[in-house]
Structures are given as C-alpha cells and as structure tokens.
Amino acid sequence: MNTSNTVSDLACSQISKCFGSVQAVDSVSFDIPPGSFFSILGPSGCGKTTLMRMIAGFESPDNGDIHIKGSSVLRIPPNRRNVKMVFQHLALFPMMNVYDNIAYGLRCNGSSRSDINKKVHEVLERIALPDVANREIHQLSGGQKQRIAIARCMVLDPDVLLLDEPLGALDLKLREAMKIELKLLQHQFNTTFVYITHDQSEALVMSDHVAVMNEGRFEQIGTPQNLYHHPKSAFVAGFVGDSNQWSGKVIERTSESITVACGAGFDAQSFATDMTSAGIGDHASVYVRPEHIQVELANTDPTVRVNTVNSIVGHIDSLLFNGANSRVLVRDQLGELIEADITLTGSHDDPKPGDAVTLSWAPARSLCF
Amino acid sequence: MSRPVAKDARNLALILLFMPFALWILLLIVLPHIGMFVLSLKEKVAPRVYEYGFDNYINFAQEPIYWNTLLRTGTVSLLVTFLALLIGFPVAYYIAKIAGKRTKGALFLLCLIPLWVSDLIRAFGWILLLRETGVISSALQASGIINTPIEMLYNDATVVMGLVYTVVLFMIVPLVSTLDGMNDEMIEAGYNLGGNGFTVLRRIIIPYAMPGIVAGCIVVFMLSAGSYLTPILLGGKNSSWFTEQIYDQFISRYNWESGAAFGFVLLLFTSIVVWLGLKLSGQTLSSTVAKS
C-alpha cells in the first residue's frame, strides 16, 4: 500500500488489546500513506473505537507498536501525541465560545496571543465560517458544529486526524452533504484522516483506502472499488454493499469454476478464486449483488426449467421505487426474498407485483466463499 | 359542552394539587416572616406599650459584639463552604466519573447513610470522640504519646470540622449530578488537544461543573450560617455563633422584638453573600439551585 518512499503518517504493527476475556483488537497491522483518507469500517462492537483510542493514547495496546511519522508513540501520553481527534458527539466545550474552543489547544501549547488570534481566524476562513468566532456553541447548526470540531483539531496542525463516526448524530440530508465536505476539507488540509464508521456508504464515498474490521481483526484493506468488486472474505462481501446470499454444498469444482447447490431449486456457479478452499461436499456461501441480477418477465410456465444454473424463477413480491436506484423484491419457490436492481420507466411494460420472473446472472458476477 | 367541563376539571385538579404547596409556603414561610418583620419593627417603651421604628436594628449596629458575631459566623461559614468544596469535589468526581456503575450507587448510598442518624446524635458522637476523657484522648494516653488528657472540644477548629462533616453531603449531591451529565468525551478532548491534567481541570471540568459548584456552595453556606446544634455542642460558649445570639434574645432575654430583628439581619446578610457569590461566579439562581 505504501508505494512512495516517504515515511507513512501512521503505522500500526500487530496491535492487540484485551478487555478481560474479550479480544477487542487482535493483531491489527496497517500503514497509511501521507495525506490520504483512510476509513476503518466495521459493525458496532468490532473494536474499531478501541483501535482509535489506542492511536489517540487513551488506551494502551497489550501488544504491538504504533508509529506516527516513523517514531513510536507508545510511551507518549495522549496530550503530547500529535494526533487529534474529532469525537463522536464532537465534544465541543459548551462553556466556551467558538473562538475559545479553537484557541484552547493553542493556549495549551503556549502560543502567543497574537499568534492564536491569527491562527484561529485563518482556520475559520478555511472552513468557510469566518464570522462565527464570537458565537456560543449552542447557536451553531449541526453542520457548523462539525466543522468547528474539525477546525479545533486542524488549527494544531496534527500529523493525523482521527474521526470517530462524527456524522452519526446528523440527519440524513446533512450527512450526505457533510460526506462531500469532509472529503473536500481533507483535500484542502492535506492531512491524513482516519475515519471510523459503521456506515459503508460513508466509507466508500470518502476514502482513498478502507479497512474492513470484524471481531477485532482487519478482514481486508483496499480501495473502495477493490473491496466492493473483489471482496476477500464472506464478511466483506456481505458487509460492503448489498448482496443476496445463498448457502449450500459444493457439487462441482474445476480449476475455473465452482458450483454450489443452493437448495432453492437452483445451482450457483462462480468463478473459482484463491479465497475459496471448499472442495466437493463442503459447505459454501454464494454472494450476488442486486445490480448484477437480470430480471426478465417469464412468460412460460415457471415449472418448465430450461436452465437451473445461476437462474431462479419466482414472483415479484414488491417494487421498491427509488428513481434510478429502484429495486424489485422477488420471492422464490422457497419463499425467500431476493433483491435485484431494475429500471422502472413508468410505462405499462414495467413489472408489477405478482408477475412471474426469471432472475439470472453471469458466473463472473457471483462470489463464493 | 364537554370541553369547558374538562377544562374546569383540569383547572380544579391543578388547584388541588398546588394547594398543599401554596399553603405550606404561605402559612409556614410567608406569614411568619411578615409577622417577624412587623415584630422586629416594634420596640417596647413601657410595659405593653410599643412604638414602631428601627431601634432594634440600630441597637444591633451599635453593639460591636453583635455584628462581630455575625461577621465571624459569615467568615467561618465561608471557610466551611470552601473546605466542603475542597473535600466534596474529589469525592463527587470519583463517584461520577471514575467509579463503575455498581460502585457508583453503593458509594452514593454510603454518602447518604449519615443522614439516617439525627444531627444531635452525630454531634454527641463527636463529643464522645473528642472530649477530655474521650476515645481519642484516652487512646493517645494509653499509647504513651501524651501524658495528660487533652480537650479537643470547644475550639474553632472542632466547630469547623463538625460543620464540614454535617454539610459536605449537600455539596457532593449537586456536584455528582452535574459531573454525571458531563460527557467523558469532553475530558478526553481536553487532553487530546494538548491540555495536561491541571489545564483540563481548570479550563474544562471546573467551568463545566460551575452550576453544581455554586449550587452546592449556596446550600452549604446557608446551612452552615443557619446551623445551631453543631456550633453550640462542639464549640460550647466560645463558639459565638450568630444563631446563638438569636436564641438568647428569644429564649433567655425574652426579647422577641430584638430576636426577630436579628433573624432578619441574618437573612439579609446571607442573601447578600449568596448574591455576591453569584455575581462573582457569573451564575444565576436559575442556572444553579433551580436547575432541573
């Protein structure tokens, strides 16, 4: 991942942390190149917050080492690490106004009064809120608070900025806007951002690299496209993006393909990858993304099956209209629901609930683990 | 038709619910104070002959022993308030921020246990410990540290200690509830942005806890300045507590007019101190004591 020969801003090697008998973080290693937007994506309770708290210095790892700009920070207390953090609830100080909130860190490191004044106004310009210096925190909107929390960290010129799900408390509309804004701010400051989230769309939209975390371990690190199209584990395939999942027994395995009998009256064939070690008779899971499934109206009798590989017949249960991202829920013969993307044109040819349909997909588009 | 009836019923319910409180305030607080104030303006010129005027208040101002006692009571109460804050803050901080969920409840309960015993019994407890033939003095003698028994009662230090002991709880409770409301993230952010322990305490925790601190201080100061039992029992005749003067006027001298005037002087004095405290700390009554 680290292609240039510059020192990475943040590197963790084999860090682990236990809380009692719970292994919160389990030998996690990664390396973040300077100036990139790195996300750690995982379900709640996967250890991502613990990992971040170790980087910030609020917890110390049981094993492993953390390097910032090439030097180990394990022995450095949190207030002297040049890693700043935007907290989940932002933690702006309600008893200070915006100016004092931003100036707090500068005062702590003993900057002169004129220096503080200059820097605070500079950073407020950069986040495009030049006139709020004398406002109280409760007078700001959610998006403004967000930007002040980032400015409060950025004014200290950190090596790494940690963000712990800061968009969680915002409403949907604002969250969408802040995603883009965060990315722009990161470009503008050109500082390494480490962003923690359980929301895959936040991670995919903003990041240069994403690490998917589960049960204390990194399942996969890669670019968003890479994770989406080439997941290396069942967890990543299921967690990143939407997927239909079937499980069954492997009935055929060749060097190029693997076929799984899925119980629902069809067999699923995927191209074999090095991730699948399953042999004939082993249990395996197949993942197919909704956008890779083709929906065709089945005019013939659904009991007559031409092809049972990567093809399912069923009835439309409901249509989920969402403009260009419309979906159809198809109930197969076992009563399971399958999601598939379709285009609804608004004409009379559109499929309607109750219609019999055939779903099919290319073997290259399904993943087997 | 039904709507006005429902509205009337609601109003009636409100009035009935509000009545005990209103009666309590009116009959036990407002009326007695009006009566006391009228009484304090009376002066006996001959048996059963009274004149109205400020003579009782002028008497108070002219007699140094009276206002010296009042100032002393005020100063010592301020000291008690300060010590209670000094002791109560770390305790409250521990309960609210450091202790685990279950320990928190247990510790809070432990703080409340002394309240189950009456003030009088607790004061006698101190007397048992501190008097010349008391537990501490005997123990020190038995261990050979001292030769003659020492009297640890009847001095200012004992009075201050006894008062701090009685009132510290009323400092801890409001502090715990304000500190409890403080998100831990705030403290961590304080460190993360480069503050050391002292900066975080001074710039973040104390300003955040200010409403609780002021609320606790007001309650503790009022309780301390108005207390009677602890200063008398632990301080004896030397305690010179202002409530003792009021008691003397009412009971020993049977001079109710003057006693009532003293009572009002004390009320005025403590109110001014509280007002000054609020002004200095930049808080208001509604942001501290009346905060829900």
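Values below: every heavy atom of this structure, side chains too, minus hydrogens, waters and symmetry copies. Protein chains get the first letters and strands the later ones, always in sequence-line order, with residue 1 at the start of each. The shown structure was predicted, so the numbers you read here are calculated from the model rather than taken from an experiment.
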Pairs of heavy atoms under 4.5 Å with chain A: top-ranked of B/Gly197, B/Pro207, B/Gly190: B/Gly190
Are the side chains of B/Met186 and A/His89 in contact, using a 4.5 Å heavy-atom criterion? no
Which portion of B/Asn192 sits near chain A, non-hydrogen atoms under 4.5 angstrom: both
I'd like to check B/Met210 versus A/Met95 (side-chain heavy atoms, cut-off strictly below 4.5 Å). Are they in contact? no
Please answer whether the main-chain N or O of A/Phe58 pairs with a side-chain N or O of B/Glu188 as donor and acceptor at a distance below 3.5 Å. no
Here the pair of heavy atoms bringing B/Asn196 nearest to A/Asn79 is CA-ND2, 3.4 Å
Go through the atoms of A/Leu90 and report whether side chain, backbone, both or neither lie under 4.5 Å from a heavy atom of chain B. backbone
Could you report the tightest heavy-atom contact between A/Cys108 and B/Gly195, atom names first, then the distance? SG-CA, 3.5 Å
Winner by heavy-atom pair count (cut-off under 4.5 Å) against chain B, out of A/Arg80, A/Gln88, A/Lys84: A/Lys84
Out of curiosity, B/Leu193 CG to A/Asn101 CG, how far, rounded to the nearest 0.5 Å? 9.0 Å
Provide the closest heavy-atom pair for A/Arg152 versus B/Ala189 in the form atom of the first, atom of the second, distance. NH2-CB, 3.7 Å
Could you tell me whether B/Phe82 atom CZ has more than 12 heavy atoms of other residues or ligands within 6.0 Å of it? no
Relative to chain B, which of A/Cys153, A/Ala91, A/Gly105 shows the most heavy atom pairs under 4.5 Å? A/Ala91
Bottom line for A/Leu92: the part with an atom under 4.5 Å from chain B's heavy atoms is backbone
A/Phe87 portion near chain B, given a 4.5 angstrom heavy-atom threshold: both
Can you tell me which portion of A/Val83 sits under 4.5 Å from chain B's heavy atoms? Options are side chain, backbone, both or neither. backbone
